[in-house]
2 protein chains.
Amino acid sequence: MLPSSTVENYLKAIYVGETQLANGQKLVPMGQLASVLGIAPGTATTMVKALAESGLAVYEPYNGVRLTSAGEKLAARVLRRHRLMELFLVQVMGMRWDEVHDDAEQLEHVVSDRLVERIDEMLGHPEADPHGDPIPTAEGKLAERPLDTLLTCPLHTPVTVARVTDQDAAFLRFIESHHLKPGQTIEVEARDEVSDAVRLKGRDDARMTIGARAASKLLVKAS
Amino acid sequence: MLPSSTVENYLKAIYVGETQLANGQKLVPMGQLASVLGIAPGTATTMVKALAESGLAVYEPYNGVRLTSAGEKLAARVLRRHRLMELFLVQVMGMRWDEVHDDAEQLEHVVSDRLVERIDEMLGHPEADPHGDPIPTAEGKLAERPLDTLLTCPLHTPVTVARVTDQDAAFLRFIESHHLKPGQTIEVEARDEVSDAVRLKGRDDARMTIGARAASKLLVKAS
DNA sequence: GAACCGATTTTGATTAATCAAAATTAAATC
DNA sequence: GATTTAATTTTGATTAATCAAAATCGGTTC
């Protein structure tokens, strides 16, 4: 029984939700799930019970939900398709990185294994999509490495942008126009708790100040 | 209100069904519709009534159904996507012409206008897909020209294969291996009503005999 | 014209996915 | 410990799409 697009979306949301949990936590709460999927809370409860029934998730009433290994496998497949499609649309179809999310959101549910693997090959078995999000392997392994954000990385030290964790088109265009895309090198000059601001030194020593909320969406590694 | 994949499939089936009607006929019978869509006859009736309700089709009880101009517009859009995707999968993704149908069947419902038009451009605004089926324009115009089949074309006269009206993979592979793909030139040497056979002269004067049913699926034009 | 037959329509049910609103629970506050 | 609150679950309905099987229709056949 192959999963419907709806089920795939639930699995993906739980999978991604799990990776974002504070250390130690292991259950994604219903409220969060409902909100990222844009559905009523009661709907999430009903659906998650069905997922548990079919062995894809473990459901603890009032606590939340996590995936079984079967569920994780399926979720990784969907995420693999999504991220490969995003990269394909940018690299091969020449689309902008801020306009590929919605297409990938649809395509992830319908592309055949044959086509996905051909795309993977055409792209040279890439490890990350245009936003730096890691692409699960065909076997369902996801290499999530722990990264600093611009709120946690050391000051006055060159770092390389590795990942942008927001799909909003306007935000992505801002990132691009300020040379903050994955691969580019920057440095945090100062953080101010009170004003909630982070001051950066970018390419050509350009200075810019962004809010803490935005800074937390830029993941970096030492460079 | 954008149409569901199901509705798109009904529209496409009616649209294609209309073009295959004997001259003078204008209604697609429910039975045929149900059979090409692989659904129960009663389901077709119910759905077609709903299509009529929403102004996409005209339904005459016990006689059949045809599209309104609004329905035709939508159907042409779906067909355009399907055929452009087939050609894209062959030309750009390097897939074989006998393996692209199922992927295109899914993709036709989800690719965005932006992506479709980019593909159209990348392919140089093509007029036909790999099977020779004409691609409707973005405005919904379909250039269906009347063609002979190998059962109706003149004998002992060179003709060019223009279109293969069967998506069966085994059949397509047969066509390919015998050099009968669209664009290739052949000649009908003889037809025999009794044995139901058609004898052809192909590339390098190769002789072959095919059945009338197969011959009717090869559309040709004078060359 | 009566009887039959194949195609079509109706009927009654089912499944997946959803919502709004009422009921309940767990945890936090007093 | 009683009360309030926020999250969650339950309930009752709805919509889209489907089926099987019974009923009906339209057009031959006798």
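Bear in mind the structure is a predicted one, so any value in this text is a computation, not a measurement. Residue numbers start from 1 in every chain, and the chains themselves are labelled A, B, ... in the order their sequence lines are given, proteins ahead of strands.
In terms of heavy-atom proximity, Leu37(B) sits nearest to Ala13(B) at CD2-CB, 3.8 Å.
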Would you give a per-nucleotide map of nucleotides 8-17 of chain C, 5' to 3', where B means the base has a protein non-hydrogen atom under 4.0 Å away, S means only the sugar-phosphate does, and - means neither?
SBB------S
Review item, side-chain donor-acceptor pairs of residues 82-96 of chain A, under 3.5 Å, at least two apart:
unit_1: His82(A); atom_1: ND1; unit_2: Glu108(A); atom_2: OE1; d: 2.8
unit_1: His82(A); atom_1: NE2; unit_2: Glu86(A); atom_2: OE2; d: 3.0
unit_1: His82(A); atom_1: NE2; unit_2: His101(A); atom_2: ND1; d: 3.4
unit_1: Arg83(A); atom_1: NH1; unit_2: Pro134(A); atom_2: O; d: 2.7
unit_1: Glu86(A); atom_1: OE1; unit_2: His131(A); atom_2: ND1; d: 2.8
unit_1: Glu86(A); atom_1: OE2; unit_2: His101(A); atom_2: ND1; d: 3.2
unit_1: Arg96(A); atom_1: NE; unit_2: Asp98(A); atom_2: OD1; d: 3.1
unit_1: Arg96(A); atom_1: NH2; unit_2: Asp98(A); atom_2: OD2; d: 3.3

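Under the rule for a salt bridge (charged side-chain N to carboxylate O under 4.0 Å, His left out), Glu60(B) has no partner lying at least two apart in sequence or in another chain.
Under the salt bridge (charged side-chain N to carboxylate O under 4.0 Å, His left out) rule, Glu117(B) has a single partner from Arg80(B), Arg81(B), Arg77(B), which is Arg80(B).
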Working for side chain to side chain donor-acceptor pair (under 3.5 Å), residues Asn9(A) and Thr6(A):
CA-CA 5 Å; Asn9(A) 283 333; Thr6(A) 304; 5.9 Å; no
